[in-house]
Chemist: 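Input: one structure, supplied below.
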Amino acid sequence: MVEQYRPRVALLDVMMPRISGLSILESMRQMPQLAHIPVIVLTAMTDQATRLHALELGACDFLSKPVD
């Protein structure tokens, strides 16, 4: 869907039913036509390793849920 609709920004949750938001982010960063799209990762997981991994994959920011 990201390839088809090309959003201006993507909000990805780490824990989704079928695929991890981090897997989607990694795939996006490997595709030149999607690599420029800013990605914000949302998750209830607050451990430092998850945050660092998201940023290493190319996330622009990381927000912990619940977001106010």
Side-chain angles (χ1 to χ4, degrees):
M1 289 183 77
V2 176
E3 252 185 305
Q4 181 181 357
Y5 293 105
R6 306 254 174 108
R8 292 185 182 186
V9 65
L11 302 174
L12 299 175
D13 196 338
V14 171
M15 306 278 293
M16 296 190 297
R18 295 189 184 121
I19 188 169
S20 163
L22 296 179
S23 295
I24 294 171
L25 172 59
E26 187 172 21
S27 295
M28 287 175 65
R29 293 302 182 238
Q30 293 174 3
M31 302 171 126
Q33 67 275 25
L34 303 177
H36 69 282
I37 296 173
V39 174
I40 299 171
V41 174
L42 298 150
T43 187
M45 300 170 61
T46 58
D47 63 283
Q48 191 68 15
T50 301
R51 291 179 189 209
L52 183 58
H53 187 58
L55 295 173
E56 286 173 342
L57 289 174
C60 294
D61 206 350
F62 186 99
L63 298 174
S64 298
K65 293 189 301 183
V67 177
D68 187 11

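Index from 1, following the sequence.
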Chemist: In terms of heavy-atom contacts, does CE of M15 have more than 12 from other residues, nucleotides or ligands at under 6.0 Å?
Modeler: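 Counting neighbours around CE of M15, 12 or fewer heavy atoms of other residues, nucleotides or ligands fall under 6.0 Å, so no.
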Chemist: Quick one: closest heavy-atom pair of H36 and R29, and the distance?
Modeler: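 Minimum heavy-atom separation between H36 and R29: N-NH1, 4.4 Å.
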Chemist: Do V14 and L57 sit in one hydrophobic cluster, given that two such residues count as connected whenever their side-chain heavy atoms are within less than 4.5 Å of each other, even indirectly?
Modeler: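 Yes, because V14 and L57 connect within a single hydrophobic cluster, where side-chain heavy atoms sit under 4.5 Å apart.
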Chemist: Got a second to check how far L55's CG is from D61's CG, nearest 0.5 Å?
Modeler: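 Interatomic distance, L55 CG to D61 CG, rounded to 0.5 Å: 7.5 Å.
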Chemist: Mind checking the NE2-CG spacing from H53 to L25? Nearest 0.5 Å is all I need.
Modeler: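 Atom-to-atom, H53:NE2 and L25:CG are 8.5 Å apart.
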Chemist: Within this structure, what is the CG-CG distance for the pair L63 and L11, rounded to the nearest 0.5 Å?
Modeler: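 If we round to the nearest 0.5 Å, L63:CG and L11:CG are 8.0 Å apart.
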Chemist: How long is the span from the OG1 atom in T43 to the CG atom in L12, to the nearest 0.5 Å?
Modeler: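 Between T43 OG1 and L12 CG, I get 11.0 Å after rounding to 0.5 Å.
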Chemist: To the nearest 0.5 Å, what is the distance between CE on M16 and CG on L42?
Modeler: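 Rounded to the nearest 0.5 Å, the CE-CG separation comes to 10.5 Å.
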Chemist: Membership question, hydrophobic clusters at under 4.5 Å side-chain separation (ILVMFWY): are V67 and F62 in the same one?
Modeler: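 Shared cluster, no.
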Chemist: Honestly curious: do L22 and V2 fall in one hydrophobic cluster under the side-chain, below-4.5 Å linking rule?
Modeler: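 Shared cluster, yes.
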Chemist: Taking all non-hydrogen atoms of both residues, which atom of V41 and which atom of A59 are closest, and how far apart?
Modeler: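 Closest pair (atom of V41, atom of A59, distance): CG2-CB, 3.7 Å.
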Chemist: Locate the shortest heavy-atom distance separating M28 from A10; write the atom from each residue and the value.
Modeler: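 Closest pair (atom of M28, atom of A10, distance): CE-CB, 4.4 Å.
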Chemist: With rounding to the nearest 0.5 angstrom, report the CD to CE distance, E26 to M31.
Modeler: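 The CD atom of E26 sits 12.0 Å away from the CE atom of M31.
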